[in-house]
Number of protein chains: 2
Amino acid sequence: MRLTSKGRYAVMALVDLARFDGINPVSLRDISLRQGISLDYLEQIFSKLRKKEIVQSVRGTQGGYILNRKAKEIKLTNIFDAVDEKVKTVQCKKESKKGCNGKSTKCLTHNLWDELETHINNFFDKKSLDDLVKENLERRL
Amino acid sequence: MRLTSKGRYAVMALVDLARFDGINPVSLRDISLRQGISLDYLEQIFSKLRKKEIVQSVRGTQGGYILNRKAKEIKLTNIFDAVDEKVKTVQCKKESKKGCNGKSTKCLTHNLWDELETHINNFFDKKSLDDLVKENLERRL
DNA sequence: TGATACTTGACTATTTTGGTCAGGTTTATA
DNA sequence: TATAAACCTGACCAAAATAGTCAAGTATCA
């Protein structure tokens, strides 16, 4: 089970953005340089973040991106959701009425995976972008 | 982030095995039929489980597999470890002294991923095979 | 009017996943 | 002792996901 780099980069980029937020828009070029993420890839990611209204874009010279909500109100869940980073533990969800492996009952471990998903999502629901920025500032001191 | 089917199947198969454990060895053929998992694939998985001493094999006619420890003492962690299902949230662990993206500091979100890993592994450390069997029996009533 | 920056979509190489297939070896039992 | 059931091993492969790159724009500010 692994986290994809899209999700990881999205969070890294947003933490970077959040630290500079409030003064000027932050350009993807700057984030790319600071975080070592390819500019093209960042563009893909921010396109998704914009569609989900997590960031706003500012065009033109000195343009860039700004947060669309307060950092405290942006949870990891929102970010992962935006970039399609999903926690998938079972493949049998859709046909859960029919049962899992085409059988009439749920597979022996169905409940387990549901619990696991909930457990992980709890973590994501609690953490906000603001938490991350603060943790980061503390570490720097 | 998704769970691979190898890990899922390993747990399913072991729960199946644990339910019949104690009387006779359970053949992979039976597990294959009951759980709808390819026999060849099961063999791959059980080979790994045996190497990690989670199960014991009994050869010959009427042979099969039995648990090598009590179900209560087999944690999900052990199972996932055996089949190489790992929780990977960062790729930067190895060079953690140097920092992540080749830079001198840890990446902004390094701590976050560590926390996440711990959070998930906590779940796996707590759950034993025995828990799963019991949950399953309860549901059946 | 140019430079900067966002926007979109197609494309692709690599890796991982989720197996299959073939050809064994071992052992209980008839 | 033959044979069938069961384990054991390793090679192989197709499909999907990942992790981007590339190209060709469009919008806007200075």
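Lettering follows sequence order; numbering is per chain, from 1. Side chains are part of it too, since the values below use all heavy atoms of this structure and drop only hydrogens, waters and symmetry mates.
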Starting at atom [atom1] of [X], determine the distance to atom [atom2] of [N], rounded to an integer number of angstrom.
| X | N | atom1 | atom2 | answer |
| --- | --- | --- | --- | --- |
| B:L28 | C:dG19 | CG | P | 16 Å |
| A:E43 | C:dT4 | CD | C1' | 12 Å |
| A:L39 | D:dT21 | CG | C1' | 12 Å |

On a plain distance test, is the side chain of B:Q44 in donor-acceptor contact with the base of C:dT20 below 3.5 Å?
yes
Whether [X] side chain and [Y] backbone form a donor-acceptor pair below 3.5 Å:
| X | Y | answer |
| --- | --- | --- |
| A:S32 | A:L28 | no |
| A:Q35 | A:D16 | no |
| A:Q56 | A:Y65 | no |

Contact class for A:F46 (heavy atom, under 4.0 Å): base, sugar-phosphate, or nothing?
nothing
Given D:dC7, D:dT28, D:dG20, identify the nucleotide with an atom nearest to the side chain of A:Y41.
D:dG20
Closest nucleotide among D:dC7, C:dT7, D:dA4 to the B:T61 side chain:
D:dA4
When A:M1 and A:S27 are each assigned the nearest nucleotide of DNA chain C, the 5'-most assignment goes to A:S27
If only side-chain N and O atoms of B:S5 are considered, is one of them under 4.0 Å from the OP1 or OP2 phosphate oxygen of C:dT17?
no
